[in-house]
There are 2 protein chains.
Amino acid sequence: MARAEDPAGRERILRAATELFYVNGVRAVGTADVIAAAGCGKNMLYRHFPGKAALAAAYLRGVRAERDKATATALAAHRAVGSAAVNAGAGAGGAGAGAGELVALVGEVAAWVSRADFRGCAFRNYLTEFPGADDEPAHVAQAYLRDTRRQVDDLVAGLGAPAVTADRIWLLIDALYAGTGTPPRVAVDWASELVG
Amino acid sequence: MARAEDPAGRERILRAATELFYVNGVRAVGTADVIAAAGCGKNMLYRHFPGKAALAAAYLRGVRAERDKATATALAAHRAVGSAAVNAGAGAGGAGAGAGELVALVGEVAAWVSRADFRGCAFRNYLTEFPGADDEPAHVAQAYLRDTRRQVDDLVAGLGAPAVTADRIWLLIDALYAGTGTPPRVAVDWASELVG
DNA sequence: GTCTATAGAAGGATAGAC
DNA sequence: GTCTATCCTTCTATAGAC
């Protein structure tokens, strides 16, 4: 009898890898560590992932999916509030309609870095761990930074604010991810002053 | 006949290690790489440094010495300008005298991150490469961040500005070191607006 | 799951050059 | 006696084979 394939196998490996990679760094974690944490055999890991680089890329893609979802949720929640205000008689909204979204964006990052299990930005961490890397995980990390930066640019452009505002918002986001002690709320308040 | 001791030995090793560690990361560089770059034998490295951790600590202390010197020079240059202004008839200076120093501090960081060979903050890089490390290099890195943060606090306190100003200046410094694309000048201009 | 091939790193030891 | 160069041990990691 052929043993049924474990459908949760890939997921279990990826979850174990995510935890270990994020907490200890990708370089410090060996495939053996991932296998032990996932409680599976070696062949299973290599069946689902061609190698450690592919596993790291999958890890970063997973983090990105979470981050994109959280960001979208935060922006949608703000837009719902904005629509309610419009319905209450504020009219077309017009210029300034995107200001709250920018603050919500910064606020979402602040919420993320405030978590007790925050250990830095997974993408920036990877690029620091492998400076000058041109592999699959590096591309995922670079794409995330590029796309997020563009998201800020688009929101600022929609607001009709000068380009330097986008630079400043991005400075705040960079600073939040660096997270060397300043209370995240300070960045959110500053963003609010900037666009409010 | 006894061969003459090489007085520049330690310095040569440390310079090679500094270049390699900073560009490629501490983890990615082996002691063999340092030895090859320094053009010396293995014994010499282990005579001057007990191990790789000690070498990494010496590397970070060297970077700190450079950074402290550059910072002191920038602040001194500003104070010289400030004194000239006082001599020109501005009186005691009083409140606001430290504003220019804060901008000079941020400006010095901006100059540093603008260099073509900038590869991030050596201290933050180390702490990212070795998350949770409690070794000698980690202590050097943590001490630098602590002391630099305190320097900002002291300047802001001397200025009589609220504590949140120190938080904001520190956010700008964190963002500069992160260096993910924003022109450094933006941070300096913002700092200038903040305290000016 | 275990066993093995291959590779790389840390660090100690030794041989030989000057 | 200090240098370079090499060898050696131990450990760890990736990856594949069974």
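Every chain is numbered from 1, with letters handed out A, B, ... down the list of sequences.
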Checklist entry - Which residue pairs satisfy the ring pair (Phe, Tyr, Trp, His ring centres under 6.0 Å) criterion with at least one member in residues 22-75 of chain B, sequence neighbours excluded? => result Phe21(B)-Tyr59(B)
Side chains of residues 32-40 of chain A: which donor-acceptor pairs under 3.5 Å do they make with residues two or more places apart or in other chains?
| unit_1 | atom_1 | unit_2 | atom_2 | d |
| --- | --- | --- | --- | --- |
| Asp33(A) | OD2 | Gly30(A) | N | 2.9 |

Checklist outcome for this item: As a check of understanding: the bend across the helix from dG1(C)-dC18(D) to dC18(C)-dG1(D), end axes from five pairs, rounded to 10 degrees, works out to 20°
Checklist entry - With sequence neighbours left out, what residues match Arg149(B) under salt bridge (Lys or Arg N to Asp or Glu O under 4.0 Å)? => result Asp153(B), Asp167(B)
Next on the checklist: Under 4.0 Å from OP1 or OP2 of dA15(D): is there any side-chain N or O of Tyr46(A) that close?
Outcome noted: yes
Checklist outcome for this item: Hits for side chain to side chain donor-acceptor pair (under 3.5 Å) against Arg12(A), two or more places apart or cross-chain, chain-then-number order -> Asp6(A)
Checklist entry - Quick one: Leu45(A) CG to dT2(C) P, roughly how many Å, whole number? => result 16 Å
Checklist outcome for this item: side chain to side chain donor-acceptor pair (under 3.5 Å) filter on Gln151(B), not counting sequence neighbours, yields none
Checklist outcome for this item: In 5'-to-3' order, the base (B), backbone-only (S) or no-contact (-) status of each nucleotide in nucleotides 3-9 of chain D, using a 4.0 angstrom heavy-atom cut-off, is BBBBB--
Next on the checklist: Can you list, in residue-number order, the parts of residues 24-35 of chain B that come under 4.0 Å of DNA chain D, counting heavy atoms only?
Outcome noted: none
Side chains of residues 115-122 of chain A: which donor-acceptor partners sit under 3.5 Å, not counting sequence neighbours?
| unit_1 | atom_1 | unit_2 | atom_2 | d |
| --- | --- | --- | --- | --- |
| Arg115(A) | NE | Asp117(A) | OD1 | 3.1 |
| Arg115(A) | NH2 | Asp117(A) | OD2 | 3.0 |
| Arg119(A) | NH1 | Ala116(A) | O | 3.3 |

Next on the checklist: Among residues at least two apart in sequence or on other chains, which ones pass salt bridge (Lys or Arg N to Asp or Glu O under 4.0 Å) with Arg64(B)?
Outcome noted: Asp68(B), Asp147(B)
All N/O donor-acceptor pairs, side-chain side in residues 132-146 of chain B, below 3.5 Å, sequence neighbours left out:
| unit_1 | atom_1 | unit_2 | atom_2 | d |
| --- | --- | --- | --- | --- |
| Asp134(B) | OD1 | His139(B) | NE2 | 2.8 |
| Asp135(B) | OD1 | Tyr126(B) | OH | 3.4 |
| Asp135(B) | OD1 | Ala138(B) | N | 3.2 |
| Asp135(B) | OD2 | Tyr126(B) | OH | 2.9 |
| Glu136(B) | OE2 | Arg61(B) | NH2 | 2.5 |
| His139(B) | ND1 | Asp135(B) | O | 3.4 |
| His139(B) | NE2 | Asp134(B) | O | 3.1 |

Under 3.5 Å, which donor-acceptor pairs link side chains of residues 186-193 of chain A to any protein atom two or more places apart or in another chain?
| unit_1 | atom_1 | unit_2 | atom_2 | d |
| --- | --- | --- | --- | --- |
| Glu193(A) | OE1 | Arg168(B) | NH1 | 3.4 |
| Glu193(A) | OE2 | Arg168(B) | NH2 | 2.7 |

Checklist entry - What are the two closest heavy atoms between Leu75(A) and Ala104(A), and how far apart are they? => result CD2-CB, 4.4 Å
